[in-house]
Amino acid sequence: MEYSICKLEKLLVTARDIACVRASCLGITAFPEPDQSFHKISGGLPAILVTALSNAFQSWCIFYQQLTTVRDDTSSKHESNVFVYNQHVISNSVEIKTLQHALASMGRVSHLDTILGEEISRAGSQTILNTLLEQIHVCISIVESNGSCEEDLDALMDLQDAACEICFPVIRGGMAFTEEELIARLPLVYNLRPAASIMGAGVLDSTTILIHQVTKRQTAQADVGYLMWPSAIVLARWLLSNAYLLKGKKILEIGAGCGLVGIVASVLVKADHTLDQVIITDVNNTVLDNIARNINLNGVSSCASVAKLDFYQQTGKKHLGSWLSGEFNNDFARDREPVDIILAADIICQTEDAMASAKTIYDALTPGGKAYVVCANEEHRFGVAKFAGECELLKLDVTSTNVKVSNSS
């Protein structure tokens, strides 16, 4: 089944819409809000989108062939080719407007979901775009050699810009992703319920969160935030049971990884209609980009933001509270105001992390603020046993609780 660009635009409005449709096109039904308009198709949503783009491109190619046809004029004294071209024929053509529309839609979808953008590229869009860019260059030469009609040149430049907007680097020789790879690249679905063993005044009985992991391979210790870790699920469920603790508070998640905990906090803040921002931080730029993607995926960009925070840049000496954020995207390195609540899950992987994270908590908290930290025990994480002692050295009050987790709790 083929889908028109207009129909696809109506169905692919948000990042969450796109994720659910991606799943439906691969036959995955575990996602929330499954879209009944799509069924399993070979190649998934990337194949559908590339087919729609290809249809618009084929119509343009017919127009391009007509435009670049050399006029049969034996009486002409010109040594160069004379093309069948009249001014305004390009800017007024249905074909260029249809292709422009298709490219704009593809660009919007690719930027809402950059993972899908990579998949579209590997599914064949890059080949189409490369050919199109060559054709645009030829058309610009024809227009410039025939009076340089400003409207036609503008239309061609707009088309070129739209094509460049959706160009992604192609790896592995441009091979399309397999169905198994496409499924593995879908976001994880977390149907979270409040922790049954903890009493609290929750705002939500349950919530469904979609989380993209980073699709690149881990190559270093600094890449631990590429993947989800169990402690984040424990803390996220605890927040659902104790949402009242967040009311009216300034909240900071440190060492956020994929951002599940901060996103759940943002959902709760949004549901409570408070204006406070949840700041979700990590030190790895790739991880931060993925957190931003997950914020958009879950519709909490109005109350959540991303910042770079390096534990090892904090001093542990700011008793009135402030923390140093690093340079990331358009944000420069600067001191930030302290927060009322810090959230952290699985932030300690080595002994040095215990000291650095304790200093971070000391600096970033307002006097009287609280940090809620969940980590695997010392049998599974080096340095965890040192953490409480490092906090106490900084005169932080520490209460430790062992949490037993089961699939049914």
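Because the structure is a prediction, the values reported are computed rather than measured. For the single chain, residues carry numbers from 1 onward in sequence order.
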Heavy-atom check, side chain of Asn298 versus side chain of Arg16, under 4.5 Å: yes
Nearest heavy atoms of Val50 and Ser125, plus distance in Å: CG2-N, 4.0 Å
Using atom types as modelled and distance alone, determine if a side-chain donor or acceptor of Asp363 lies under 3.5 Å from a backbone N or O of Lys317. yes
Could you check Thr399 against Asp397 for side-chain contact (heavy atoms from CB on, under 4.5 Å), going step by step and ending with a plain yes or no? CA-CA 7 Å; Thr399 301; Asp397 294 329; over 6 Å; no
Side-chain contact, heavy-atom cut-off 4.5 Å: Ser24 with Phe31? no
Got a donor-acceptor contact below 3.5 angstrom from the Arg108 side chain to the Leu12 backbone? yes
Inter-residue atom distance Leu49.CG - Ser105.OG, 0.5 Å rounding: 9.5 Å
Which heavy-atom pair separates Ile348 from Val384 by the least distance, and what is that distance? CG2-N, 3.7 Å
Can I get a per-line list of side-chain donor-acceptor pairs under 3.5 Å for residues 132-144, giving both atom names and the distance, sequence neighbours left out?
unit_1	atom_1	unit_2	atom_2	d
Gln135	OE1	Trp60	NE1	2.7
Ser141	OG	His137	O	3.2

Please find the pair of heavy atoms, one from Gln350 and one from Tyr312, that lie closest to each other, and give the distance. NE2-OH, 3.7 Å
Going by atom types only, do Ser121 and Gln126 share a side-chain donor-acceptor pair under 3.5 Å? yes
Evaluate the side-chain proximity of Val214 to Asp223: yes if any heavy-atom separation is below 4.5 Å, no if none is. no
Going through the distances and angles, do Leu297 and Ile263 end up as a side-chain contact (heavy atoms from CB on, under 4.5 Å)? CA-CA 10 Å; Leu297 183 59; Ile263 288 170; over 6 Å; no
Do you know which two heavy atoms are closest between Leu394 and Gly316, and how far apart they sit? CD2-O, 3.6 Å
With a 4.5 Å cut-off on side-chain heavy atoms, are Arg336 and Leu309 touching? no
Short question: side chain of Ser325, backbone of Arg334 - any donor-acceptor pair under 3.5 Å? yes
Under a 4.0 Å N-O cut-off, is there an ion pair linking Asp113 with Arg22? yes
Near Glu151 CD, under 6.0 Å, is it more than 12 heavy atoms from other residues, nucleotides or ligands? yes
Would you compute the distance between atom CD1 of Ile183 and atom CD1 of Ile28 and round it to the nearest 0.5 angstrom? 4.5 Å
Worked check of side-chain contact (heavy atoms from CB on, under 4.5 Å) between Glu150 and Asp154: CA-CA 6 Å; Glu150 185 175 342; Asp154 286 345; 3.8 Å; yes
Atom CG in Leu45, atom CD1 in Ile120: separation rounded to 0.5 Å? 6.5 Å
Short side-chain to backbone donor-acceptor contact, Ser54 and Thr51, under 3.5 Å: no
Taking CE in Met228 as the centre, count heavy atoms belonging to other residues, nucleotides or ligands within less than 6.0 Å. Is the count above 12? yes
Kindly give the heavy-atom pair with the smallest separation between His101 and Cys6, and that separation in Å. CE1-SG, 3.8 Å
Using only heavy-atom distances, determine whether the side chains of Thr127 and Asn130 contain a donor-acceptor pair under 3.5 Å. no
Pairwise side-chain contact, Asp289 with Asn329, heavy-atom cut-off 4.5 Å (strictly under): yes
Straight-line distance of Phe311 CZ to Thr360 OG1, nearest 0.5 Å: 5.5 Å
Sub-3.5 Å donor-acceptor pair from the side chain of Asn191 to the main-chain atoms of Thr208, do we have one? no
Flag if over 12 foreign heavy atoms under 6.0 Å of NZ, Lys370: no
Which of Glu180, Glu179, Glu119 passes salt bridge (Lys or Arg N to Asp or Glu O under 4.0 Å) with Arg185? Answer is Glu119
Any heavy-atom pair between the side chains of Arg193 and Arg237 that's under 4.5 Å? yes
Measure the spacing between CG of Asp17 and CG of Leu11 and express it to the nearest 0.5 Å. 8.0 Å
Determine whether a donor-acceptor pair (N or O, by modelled atom type, separation under 3.5 Å) exists between the side chain of Asn242 and the backbone of Leu245. no
Report the C-alpha separation of Gln314 and Trp323 in whole Å, then their side-chain angles, then the decisive distance to 0.1 Å, and conclude whether the side-chain contact (heavy atoms from CB on, under 4.5 Å) test is met. CA-CA 7 Å; Gln314 314 307 317; Trp323 54 281; 3.8 Å; yes
List the atom of Cys258, the atom of Gln213, and the distance in Å for their closest heavy-atom pair. SG-CA, 4.1 Å
Sort and list the pairs that fulfil ring pair (Phe, Tyr, Trp, His ring centres under 6.0 Å) and have at least one residue in residues 336-379, not counting sequence neighbours. Trp238-Tyr372
Answer whether the closest heavy-atom distance between the side chains of Asn55 and Gln58 falls below 4.5 Å. no
For Ala195, is there any backbone N or O sitting under 3.5 Å from a side-chain donor or acceptor partner on Ser241? yes
Is the backbone N or O of His212 less than 3.5 Å from a side-chain atom of Asn294, with the two atoms forming a donor-acceptor pair by type? yes
Between Ser59 and Thr98, is there a side-chain heavy-atom distance shorter than 4.5 Å? no
Rounded to the nearest 0.5 Å, what separates atom CG in Leu365 from atom NZ in Lys250? 13.0 Å
